[in-house]
Amino acid sequence: MGRFVWKTLHVGGLQVQVRTYGEPPDPGAVYLCPSVGEYPIYDDAIYQVILEDERRNTLFRSAITAAAPGATVLEIGSGPDLLWTLAAVGAGASRVYAIEVIEDSARRAEQTARSHPSDDIRVIAGDATSVVLPERADVCIAEIVGCIGGSEGIVAVLADARSRHLAPSASVIPSAVRTLAGAICLLDLFGGDVAMPSAFTPYAEAVFQQVGMPFDLRLYVGGVDAAALMSTTGVIEDLRFNEQSYVQGGHLRLEISRCGRVDGLLAWIELAVAPGDAGLNSLAEDTNWLPVYVPFALDDPIGVNVGDVLSLQVTVANADDGIHPEYFFRGQLTRTGSGAGVTVSAESRYSGGAFRSTVVHRGLLR
């Protein structure tokens, strides 16, 4: 990683430092980045990464081409480029309403719409849960899936859309998303020294400023695959948008599959854009959805052996805004031998909560 530098961020009257390294991550190297989609914090660099995600683009274009002809379409979270709005128009939609909450992105989306004057596109600036549409839509495109599937508030947003914006038989794109999790030792993947590329620190500062305080922010993990897992896997969310079935939380049982240490969970999504899709897997594929690290509240990683079992109760509750979920894990590591079990807890918060409560956050923040 080269030389580490502590970069100072300003949060109200406080200063927070983040441990960084200067160069961008090497291809294939493990790296950390603040989770930004929930807030939402997007700039041209992030939009460009999303636009270049060909796996995602192919799946969404195919689903829109099948669903949009002759339909009134609503897109929630259109971004400045109106990518899916224009895809719906090109597929033969009769009208498209594009809602965008970020003011600058909405202004740019309006400019994009004006460059297609023959198309019936209406851009609406504002929050999807507060704006009013002149009619109900037959198809809803809502690419507000988080790196933990529900973390951007899609369950609450779609529940509101079903009641106010959509026809009773309206279909939703994407169709479903599952979030899976397995045990991991992030500290070992970094060789004991955690840091993030300095280019990502403005996003951390923006998250802290929006929340109003420093806290143990949610972290993406790039450059990992299934080889990083120390256990079997389980499901922590199963969201089926067209069936209006939303299972969040439950019991997670993970059996340790190799000897070593664990310091948290890795969570990732399987996304079905259209019904019957094989699904995009964010741990196995190169996509803009990155796995998320959920750290245990520990002073040091826990030593584990093959056959040990992590039994965790997962609960999900909305943050104070009523939209964005927060994830809580409580349970026990049971050892196969005579060693004593270990009580384990973790949380992945949208806002507030503990600061520097985990070994990784203590190494990353001060």
Side-chain angles (χ1 to χ4, degrees), residues 1-2 21 23-35 49 53-56 145-149 151 177-197 200 218-237 252-272 278-296 298 300-312 314 327 329 331 333 335-336 342 344 346 348 358-361 363-364:
M1 287 186 187
Y21 54 98
E23 67 270 19
D26 296 327
V30 180
Y31 65 91
L32 296 176
C33 178
S35 181
V49 169
D53 187 342
E54 283 304 319
R55 172 77 165 121
R56 159 237 189 214
V145 172
C147 291
I148 296 177
S151 61
V177 62
R178 295 199 312 163
T179 303
L180 297 91
I184 192 175
C185 188
L186 188 72
L187 202 63
D188 287 350
L189 294 179
F190 276 90
D193 291 319
V194 289
M196 71 171 59
F200 297 154
R218 190 174 288 154
L219 297 167
Y220 299 148
V221 187
V224 294
D225 57 23
L229 297 176
M230 298 292 296
S231 74
T232 58
T233 66
V235 177
I236 61 175
E237 273 190 334
L252 183 64
R253 184 184 186 277
L254 305 176
E255 185 171 336
I256 300 300
S257 54
R258 56 194 174 101
C259 297
R261 308 193 302 172
V262 298
D263 58 19
L265 304 173
L266 193 69
W268 67 96
I269 64 170
E270 289 180 346
L271 177 66
L280 179 153
N281 184 315
S282 68
L283 186 60
E285 301 180 63
D286 184 13
T287 175
N288 74 91
W289 284 283
L290 294 175
V292 173
Y293 176 61
V294 181
F296 294 145
L298 299 168
D300 293 293
I302 311 169
V304 293
N305 291 304
V306 174
D308 292 352
V309 175
L310 266 171
S311 295
L312 300 170
V314 186
Y327 303 84
F329 303 78
L333 173 73
R335 301 191 185 281
T336 53
V342 179
V344 174
S348 187
T358 76
V359 63
V360 167
H361 283 98
L364 186 66

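Computation of the quantities below employed the complete heavy-atom set of this structure, encompassing side-chain atoms and omitting hydrogens, waters and symmetry-equivalent molecules. The first residue of the sequence shown is numbered 1, and numbering continues consecutively from there.
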The salt bridge (Lys or Arg N to Asp or Glu O under 4.0 Å) partners of D308 (sequence neighbours excluded) come to R335

Considering only heavy atoms from C-beta outward, does the side chain of E237 approach that of V177 to under 4.5 Å?
no

Say whether, by atom type as modelled, one donor and one acceptor occur between the side chain of R218 and the main chain of S348 under 3.5 angstrom.
yes

Taking it one step at a time, do L229 and L283 satisfy side chain to side chain contact (heavy atoms under 4.5 Å, CB included)? CA-CA 10 Å; L229 297 176; L283 186 60; 4.1 Å; yes

Residues passing the salt bridge (Lys or Arg N to Asp or Glu O under 4.0 Å) test with D188, sequence neighbours excluded, are R261

Determine, stepwise, if the pair I256 / N305 fulfils side chain to side chain contact (heavy atoms under 4.5 Å, CB included). CA-CA 7 Å; I256 300 300; N305 291 304; over 6 Å; no

Between the main-chain N or O of D53 and the side-chain N or O of N288, is there a donor-acceptor pair closer than 3.5 Å?
no

List the steps and the verdict of side chain to side chain contact (heavy atoms under 4.5 Å, CB included) for L298 and V359.
CA-CA 6 Å; L298 299 168; V359 63; 5.6 Å; no

request  = Let me see the working for T179 and W268 under side chain to side chain contact (heavy atoms under 4.5 Å, CB included), right down to the final yes or no.
outcome  = CA-CA 5 Å; T179 303; W268 67 96; over 6 Å; no

- Residue pair L271 / T287, side-chain heavy-atom distance below 4.5 Å: no

- [ ] Check for a donor-acceptor pair, side chain of R178 on one end and backbone N or O of G149 on the other, with a separation under 3.5 Å.
- [x] no

So the salt bridge (Lys or Arg N to Asp or Glu O under 4.0 Å) pairs with at least one residue in residues 281-292 (sequence neighbours excluded) are R55-E285

